[in-house]
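Counting starts at 1 for both ligands and their atoms, following the listed order.
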Amino acid sequence: MYETLCIRGGARLSGEVAVSGGKNAAVAIIPAALLAHSPCVIENLPNIEDVHVLIKMLRYLGAEVEFENNTMRVDPTTVDKYMAPYELSRMMRASYYLAPVLLGLFGRAVVPLPGGCDLGARPIDQTIKGMMALGADVKVERGAITVSAVELCGSEVYLDMPSVGATVNTMLTAVSAKGNTIIYNGAKEPHIVDLANFLNSMGARVKGAGTDVIRVQGGRPLRGSNYMIIPDQIETGTLMIAAAATGGDVVITGAIPTHMEALSAKLLEMGVFVGEEDDRIHIRSDGNLRSINIKTQVYPGFPTDLQQPMAALLCTANGSSTITETIFESRFRYVEELKRMGADIRVFGRTAVVDGIDRLIGAPVTATDLRAGAAMIVAGLMAEGITEISGLNYIMRGYEDIDDKLRKLGANVERVRHGR
Ligand code: EPU
C-alpha cells in the first residue's frame, strides 16, 4: 500500500491557518529531554513522522513516553541503553543528537550514522571536532559513531562553518561537561535558540544562542521542565509561498514574523502583500509576480529549506529569476520534476535559472526529499489540471496534516491510497 497526494490546481487559497510546532526544534529538544533527572513535558510538538521515529527511539532506550494532542511527557529516569537502534537512526538526520546525550548519561554512546534527506554530502566532521574538544574519544567505524569519555571538560570550539547539527551536538555535549565551553561561529537558526531556551528551562546555563558565540556553563544538574516549542519557520514559509502562488488571501496564525524576514522581503520584492501583526502573517497576492534573485544563506539569510518551494513560485513570475544554493551541494533534484509540469529551469552548478512561463500543467511527479515535496505541492496548487505527487512519506516526515490545512484554505487536495 502506498499513498499519493492529488491536487487539482487553480483554487485561490483564502482564510486562516495555524502553523504547527517547529520540526527542527523538536528533533533537537526531544533527545535533550533525556538529560533531565525527572520527567519533562514538551508542548506544541508537530505530529510528524520524524517526531514519531524519535519517540520510538526514546522508548527503545528505556524512556517512558506519552504523546497526545501535540504534547509529550517523557520520563528519562528509566533510560538504560547507550546504543541507538540502526533501523530508526537511518530514518532521520537528527538521530545523531542522541550521541552527546547518551555520552553525557553513560560516558559512552553508539549511534548509527544518521539518514535524512539526500542533499549531497553531509559530513559530520564539525560535530566530531566539537565533541573531541570537550574530551570525548570519537570514532566513526562500521557505519556508526562511537563516542566515549572518562570525563568531559568545557573548552573553546571554533566551527569551520555555522553548522546547525554541529552546534546542537556541541551544545548538548557542553551541558554535561565540567566548566565553561565557548562555541565560536555557531549556527544562529531559531531552533538553536529554542534548544538553548529548553536547556535553560531545565537548569542549564546557555548564553548567546542566536549570536555567533554561544557560552555554556556545563556540569549543572538538569531537571525536567514544561516547555513549548516555537512555531515551524519552514512550514510558515511554505504556507506563505503557497498563498502567494495561488493569488490567495491567507492569514497564518501562531507564527513568529521576525523568523520570516528574509522570505517576507523577497515576497514583497515580487509584488506580494505581506502584513504582520503579533503572531499573524497576512499574505495577499493577485498572482501577478515579478522575477527575483535569491541566494540561500545561514539564518537570518534566505533559508535553504525554502529555496525549493520558492522555485515553484518563480516558475510563473514575469521574467527570469536565479536561485543560488550555497548551503548544500545538491539541492536541485526537484528541478527535473518541475520540468514535467512544463517549468523552464536550467541548472548551472549551484545556480538555477528560472524563466517565467504562463502556467504550469499538472503531471505525475515525485517528492525527492522533504522540501522538494513542498515544491511539488506549491506547483500543484498553481498548475492547470491534476498533479499527483508520489513520495508522500517524505512530506509526512516534516509537515503536519498539510493536506488538511490546505483543504481548509480551499485547495482541492486529496490523499489517495493505492493497492492494499
Ligand atoms: N557541514 C560540514 N561539516 C559538518 C556539518 C556540516 O561540512 O560537520 C556542511 C554541510 O555539508 C552543509 C552545511 O555545512 O553543506 C550545513 O549543514 P548543517 O550542519 O547546518 O545542516 P544539518 O544540521 O545537517 C539542518 C536541518 C536542515 C537544514 C540545515 C540548514 C535539522 C534536523 N536539519 O541540517 O533541515 O536544511 O540545517 O539550515 O535541523 C529540512 O528540514 O528539510 C532540512 C534538511
Side-chain angles (χ1 to χ4, degrees), residues 20-32 46 48-51 53-54 89 91-100 113-133 138 140 145 157-173 183 185-195 229-230 232-238 259 262-263 296-310 324-331 333-334 350 367-375 391 394-400 402:
S20 297
K23 169 179 89 80
N24 289 344
V27 297
I29 284 173
I30 294 171
I48 53 174
E49 205 41 42
D50 272 10
V51 166
V53 170
L54 267 177
S89 298
M91 290 169 87
M92 62 186 302
R93 183 71 188 164
S95 50
Y96 75 149
Y97 296 162
L98 284 167
L113 284 167
C117 292
D118 179 3
L119 313 172
R122 295 180 79 174
I124 59 165
D125 53 297
Q126 300 302 303
T127 283
I128 296 172
K129 174 163 124 177
M131 294 175 93
M132 285 178 76
V138 187
V140 177
I145 308 165
V157 179
Y158 178 87
L159 298 180
D160 293 346
M161 77 282 296
S163 152
V164 169
T167 305
V168 168
N169 282 326
T170 309
M171 276 165 72
L172 290 175
T173 311
I183 305 169
N185 201 27
K188 298 188 288 242
E189 269 67 9
H191 25 285
I192 298 291
V193 180
D194 212 31
L195 173 63
I229 301 255
I230 52 166
D232 195 299
Q233 179 202 16
I234 306 304
E235 188 202 7
T236 305
T238 304
H259 289 169
L263 174 64
T296 62
Q297 271 161 348
V298 295
Y299 188 80
F302 193 93
T304 169
D305 294 344
L306 286 176
Q307 69 94 339
Q308 291 140 299
M310 196 66 174
T324 304
E325 171 60 52
T326 72
I327 308 294
F328 288 109
E329 65 177 22
S330 168
R331 214 169 190 180
R333 289 202 299 152
Y334 64 96
R350 288 201 167 198
T368 49
D369 60 58
L370 170 58
R371 308 303 172 188
Y394 280 116
I395 299 174
M396 294 311 149
R397 276 191 42 212
Y399 288 96
E400 175 174 347
I402 188 71

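Scanning all heavy atoms of the two residues, the minimum distance from Pro309 to Thr238 falls at CG-OG1, 4.4 Å.
In this structure, Asp305 pairs ionically with Arg331, as a charged nitrogen and a carboxylate oxygen lie closer than 4.0 Å. Salt bridge Lys23/Asp232: absent, no basic N to carboxylate O contact under 4.0 Å.
When heavy-atom distances to ligand 1 are checked against a 4.0 Å cut-off, Asp125 comes that close through both its backbone and its side chain. Only side-chain heavy atoms of Lys23 come within less than 4.0 Å of ligand 1; its backbone N, CA, C and O stay farther off. Residue-level proximity to ligand 1 for Arg331 is carried by the side chain, the only part with a heavy atom below 4.0 angstrom. Contacts with ligand 1 closer than 4.0 Å are made by side-chain heavy atoms of Leu370 only, the backbone lying farther away.
Looking only at side-chain heavy atoms (C-beta outward), Asn169 and Ile124 stay at 4.5 Å or farther from each other. Taking 4.5 Å as the limit, some side-chain heavy atom of Tyr299 sits within range of a side-chain heavy atom of His259.
Selection from Gly373, Pro123, Gly165, Ala166 by nearest heavy atom to atom 5 (C) of ligand 1 gives Pro123. The residue from Ile327, Asp369, Ile234 that puts a heavy atom closest to atom 16 (C) of ligand 1 is Ile327. Across the listed options Asp160, Ile192, Val164, Val164 owns the non-hydrogen atom lying nearest to atom 25 (C) of ligand 1. Considering Met161, Glu189, Arg371 only, the shortest heavy-atom separation from atom 42 (O) of ligand 1 involves Arg371.
Close approach of ligand 1 to Gln126 is summarised as follows: ligand atoms under 4.0 Å from at least one heavy atom of the residue are 3 (N), 4 (C), 8 (O). Ligand 1 places these atoms under 4.0 Å from at least one heavy atom of Ile124: 8 (O). Taking every heavy atom of Thr304 and a limit of under 4.0 angstrom, the matching atoms of ligand 1 come to 30 (C), 36 (O).
When each of Gln308, Gln307, Arg350 is paired with Glu325, the side-chain hydrogen bond (donor to acceptor under 3.5 Å, both in side chains) condition holds for Gln307 and for no other. The side-chain hydrogen bond (donor to acceptor under 3.5 Å, both in side chains) with Arg371 is formed by just one residue from the set Tyr334, Tyr399, Tyr394; it is Tyr399.
An N or O contact shorter than 3.5 Å is missing between Tyr96 and ligand 1 by distance. On a distance-only criterion, Arg122 and ligand 1 share at least one N/O pair closer than 3.5 Å. Looking at ligand 1, you won't find any N or O of His191 less than 3.5 Å from one of its N or O atoms.
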Original post:
Where do Asp50 and Arg93 land on the salt bridge (charged side-chain N to carboxylate O under 4.0 Å, His left out) test, with the steps shown first?
Top reply: CA-CA 9 Å; Asp50 272 10; Arg93 183 71 188 164; over 6 Å; no

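Panel note: side chain Ser95, backbone Met92; a donor-acceptor pair is recorded below 3.5 Å.
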